[in-house]
Each structure stands twice: as C-alpha cells, then as structure tokens.
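All values reported here derive from a predicted model rather than from experimental measurement. Labels below follow one simple rule: chain letters A, B, ... track the order of the sequence lines, proteins then strands, and each chain is numbered from 1.
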Amino acid sequence: MKLSKKKESWKRTDGRDWNELRPISIESGVLPNADGSAYIEMGRNKIIVGVFGPREMHPKHLAKPHTAVLRCRYHMAPFSVDPRRSPAPSRRDTEIGMVMRLALEPAIFLERYPRSSIEVFAEVLQADGGTRCASINASTVALVDAGIPMRDLVASCASGKIDDRIVLDMGDYEDKNGQADIPIAYMPKLERVTLLQMDGVLSPVELEQCVGLGVEGCMKIYEVQREALKKKYGDESKQSQEEE
Amino acid sequence: MSSRHGIVPRLKRKKIQEAVASGKRMDGRGLEECREITIRTGVIEKAEGSAEVHLGDTRVLVGVKIGVGSPFEDTPDEGVLICNAEFVPIASPTFEPGPPDENSIELARVVDRGLRSAKVVDFSKLDIIPGKKVYLIYVDLYILNYAGNLIDASAIAAISALRSAMKPVYKVEDGEVVPTDEKEPLEVLRTPVAVTVAKIGESLVLDPLADEEEVTDERLTITLDDDGNICTIQKSGSTGLTVDDIKKAVDIASKKAQDIRGMITGSS
C-alpha cells in the first residue's frame, strides 16, 4: 500500500487520478415510509437518507413562528466500520449532524413553513471516508424527493493532501494517512460554499487549490444528483410540460 | 407493538377486522399466507457477515461483526453472541431517534433467544485463549422500513447473515492474540425460523401488516429449529389466548417455518 513518489507513474492507492472522483451513484425514492429519500454509494460508502416533513414540531417549544426548523441526524450503523462501533450517538455524530444542517439550510425555503420541522436522517450503512459529504449529497436529493422547495441543490465532496499532492475525494485510506482533508459543500447555481471544514496542515496556496478542486468535484456531483432526480421525475416533468 | 405506530382510524380497524373474519386480508392475501420474501447476503463488505431481507415492504438489514473480547465470567471458555436492534427513524414516521425502547429491546431479545436456544453456533469452539480471550459475535438488526412483522423479517436476516459470515483467524503468540489475514466460514449448525401469528378477532393470521398489528389482539411468535422443535415463544397482547389458539398457532407456524427455512438455506 505504499505510494510511489515518481511523478509520471503516480497513481492513488485505488488507481485514480488526482482529480478523479470515486464511482458515485444516487437513487431517489427508496423508502416507502419517508416523505423523501435517497440512497448513495460513493466509493464504498453506502448511505441511506430519509426526510420527514414539513411536519409538526415535537417538542412544540422548539418551533419557530416565522420559519421551519431543519433538523439533521447523522448516525452510523454498528457494522458500518471496523471494529464494530456502539450504536449510541457519539460527539462526532452530533457535530456532523450540525454541519449537515448548516450546509443544507441555505438551500431550503424554510420560511415557507413556519412552526414546522423538516427532519433529515442519514444512516451510514458502510463508511469509507467522506461520509459527511456523501450524506449531504443524498440528503439534498431526498429533500427534493420530499417535495420541499429548494433554491439550489447542495453538492459536497472533499479534497485534501496526501503524499505532498493535492487530491480530490479522499477514500478511507487516504483520509487516515493524508496530510489534510477539506470537506466542502457547494451550491452550484448560487455559487456559495455552505460547508467548509479542514483538518491537517496546508499552505494558503494549497488551501486555495484544494477549495478550487473541491468545487470542481461538487460540480460533477451536482450532475449525478440531477440525473438521480431526472430518473425519478424526468418523465413526469416532461408530461406536465406537454400538458401545458 | 400496539402503542407506537400511530392511530389506525376506527373505520380502518373495522374494515380489517371484518375482512379477516371473512377470510381476507387488506393486501389480498389469505389468512395463512406470507408476503414475498427476498434475501440478499454479502451486502455490507465491511461486516464479517450481512443480509438484507425484504418481507413485503418491511426491510431489515443485519450486519454481523466478529472480533475478540473477554468472555462472560460464568462461561469463561465460550464465545459471546450479542444481538442488538436499532429502530432508526427513517423506517417509519413514528420511530424517533433515541436509546432503544422496549419494542426494539424485545425484538433483539426474541431474535437472540431464537439463535441461542437453537444452538446456532457451538460456543465452546469459539474460545481463543480459554478464560481470557474469546470470539465476540455482534448481530446488529437495522430496521430500514417498517411495514409490519419485524420479528420474522429480522430473524430471517439474522440467521442469513450468520450463515454468510466469515470469521477472522487469530494466532496466539506468547499469550497474546495476534490477527492474521485469514478468514474462515463461521460454522453455523442450525437454522431457526421465527413465525409470528396474530390473532385478530377470532381468526389467526400469518405475517401481519403494520395496520393489522394495530388491531391485533394477541401476537404469538414461535421459533422452530430444523427438527421442528420449538425453541422460543413470545406472546404479546392483552386479551389472552385460549389453549386451542396456541395449538393452532403452533400448527400454522410449524408448516410455514419449513418453507422459510428452505428459502434461507437456498439463498446462502
């Protein structure tokens, strides 16, 4: 599993180019009991997201008179990682739930649903590095599937540095052995970054490169999200246009 | 299970009860007919064993993780099997995030008792350093969609995941457990099957839907082993069963268990 330093023959541990995403597929409308749902595979990540709402807020005192409240829960299945993890929510889960909320909030017309709550539940069935980004990608599709009006889709992926090189969409191995990891979420139409975190060490120039690369990755993911929605709703929208 | 799944309107309740009384079900099935079952194993590569089961719209994912740990004090030379259930909120609008409630604990324990009583694995062969280190087998039940009869679906998924599981091989060097790259199949000796019979009015029905569970007076889960012996029973309900009901339920369950076992052993 050693990375070669030679420039011309340098390939990542999984054989990808530096600016290549892992294989990604998104399917929408996978859970009959949820108002909206999506399933994403991004590398070996397998994540299923259910959206409920807008619905009455419980407990009631958390409701806001002028807007809906978005609540996000990020949770990992005990068998999603090695070794098994406890199903009780960890501090990490709580933080990721929060950053997911902050990444998604700007895209949703929350003010249209005062006093209600919109809940996003991301369940990580298998984790392979970059679960928060994959969760955001699936959550966006699930929110649209739930019929919640959105200003834009939110696409997300990480860039980072490993073996002194800038790379896109780090997998589990790269995540753990890399020098820096920057998850980004981006609204492509509105051109706004809605998630930006980093751990590791980068120079200001490298940071700029990473953010640029991350945004490029988000643009590609945006297309995958659109395709997933078209696959489910494409024909319907065509039909309604024809009717008009 | 009755209190958590919302309120079935009175009309629906009446409709279900009337249909069942005349030998029909809401989805067109007969009283002793099961919904379609599909079993897929090996769905989570990172788990040592896994299975996803669809029972109609009910969908359960089970991951088996196998590691090393300390034995229980009263069985120092035996491996450990722990069964846990998660009712995740994506499965139903009525499931809320939080610690396991009595329904998920009951589910985990009924499935656990089925596996344990049927002696699915020989625990005495799962020691690594007797008295100190043994295999720990975690069976995690993950409910992805709730559409009734979680116990039967979970039990099918649990035994299917165990049957597909590969156990890591460990070496013992200087009294320490050392992992190797090797894996070998987990030896699963038995295939218990849980069959739930619901009593609605005076009728007994198999594989209740979520709405039917709402109007169920009594529920009886019977787990049967490969020889047709009964290895676990769980009754829930608050109206009481007659001795005759119990006899009939065991008859229905015994017949159905063989079919389901055939599907499990045929799929892995």
Side-chain angles (χ1 to χ4, degrees), chain A residues 29-39 41 43-56 58-59 71-89 93-94 97 117 119-129 131 135 138-139 142 145-146 172, chain B residues 5-6 42-52 54 56-69 82-100 104-105 108 136-148 157-158 161 165 168 179 210:
Chain A
V30 292
L31 294 168
N33 288 343
D35 296 317
S37 59
Y39 173 69
E41 290 192 5
R44 292 205 299 162
N45 286 312
K46 294 181 178 185
I47 300 168
I48 190 161
V49 176
V51 169
F52 293 85
R55 64 179 176 183
E56 199 175 334
H58 289 291
R71 295 205 282 189
C72 294
R73 183 179 106 127
Y74 168 97
H75 183 244
M76 295 177 89
F79 46 77
S80 62
V81 283
D82 228 9
R84 178 191 186 264
R85 55 165 281 158
S86 160
D93 293 357
T94 306
S117 78
E119 277 154 295
V120 176
F121 299 117
E123 293 292 339
V124 178
L125 307 178
Q126 180 161 274
D128 183 35
T131 51
S135 298
S139 300
D145 184 43
D172 203 20
Chain B
H5 304 302
V43 287
I44 300 294
E45 300 86 352
K46 282 201 176 179
E48 276 68 42
S50 60
E52 186 177 332
H54 289 244
D57 276 341
T58 288
R59 184 172 167 195
V60 180
L61 176 62
V62 170
V64 172
K65 296 292 283 185
I66 305 179
V68 184
I82 296 163
C83 202
N84 168 66
E86 290 290 310
F87 281 25
V88 289
I90 58 171
S92 164
T94 60
F95 288 9
E96 280 171 15
S104 64
I105 288 171
L136 293 187
I137 303 174
Y138 281 99
V139 178
D140 282 293
L141 317 174
Y142 225 61
I143 313 303
L144 294 180
N145 197 64
Y146 169 69

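The aromatic rings of H75(A) and Y142(B) lie parallel to each other, with less than 30° between the two planes, well short of the 60° mark.
Nearest heavy-atom pair, N33(A) versus Y146(B), reported as atom, atom and distance to 0.1 Å: ND2-O, 2.6 Å. Scanning both residues, V49(A) and I90(B), for their nearest heavy atoms gives C-CG2, 4.3 Å. Heavy-atom minimum distance, L125(A) versus I44(B): O-CD1, 3.6 Å. Taking all atoms of both residues into account, the shortest heavy-atom contact from K65(B) to D82(A) is NZ-OD1, 2.7 Å. Heavy atoms only, all atoms of each residue included: G98(B) and R73(A) are closest at N-NH1, 4.3 Å.
Of the atoms belonging to S37(A), not a single heavy atom falls under 4.5 Å from chain B. Using a 4.5 Å cut-off between heavy atoms, A77(A) contacts chain B through both its backbone and its side chain. Only the backbone of P83(A) has a heavy atom closer than 4.5 Å to any heavy atom of chain B. Contacts between A122(A) and chain B at a heavy-atom distance below 4.5 Å are absent for every atom of the residue. In this structure, chain B has heavy atoms under 4.5 Å from both the backbone and the side chain of R84(A). Looking at L144(B), the atoms closer than 4.5 Å to chain A (heavy atoms on both sides) sit in the backbone and in the side chain alike. For V120(A), no part sits under 4.5 Å from any heavy atom of chain B, backbone or side chain. No part of P99(B) comes within reach of chain A, as not one of its non-hydrogen atoms sits under 4.5 angstrom from that chain.
Applying the ring-ring contact (aromatic ring centres under 6.0 Å, His included) criterion to Y74(A), with sequence neighbours excluded, gives no partner residue. Here E119(A) pairs with R55(A), R71(A) under the salt bridge (charged side-chain N to carboxylate O under 4.0 Å, His left out) rule; sequence neighbours left out.
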Go through the steps for F121(A) and V88(B) under the test side-chain contact (heavy atoms from CB on, under 4.5 Å), then give the verdict. CA-CA 9 Å; F121(A) 299 117; V88(B) 289; over 6 Å; no
Assess whether side-chain contact (heavy atoms from CB on, under 4.5 Å) is satisfied between D128(A) and E45(B), documenting all intermediate values. CA-CA 11 Å; D128(A) 183 35; E45(B) 300 86 352; over 6 Å; no
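Counting only distance, with no hydrogens or angles, the side chain of K46(A) and the backbone of V43(B) share a donor-acceptor pair below 3.5 Å.
Between atom CZ of residue F79(A) and atom CD1 of residue I66(B) there is a gap of 14.0 Å, rounded to the nearest 0.5 Å. To the nearest 0.5 Å, atoms NZ (K46(B)) and CG (D172(A)) are separated by 4.0 Å.
Note on A34(A), P78(A), G50(A): by heavy-atom pairs under 4.5 Å with chain B, the leading option is P78(A). Looking only at heavy-atom pairs under 4.5 Å with chain A, the residue among A147(B), A47(B), P93(B) that has the most is P93(B).
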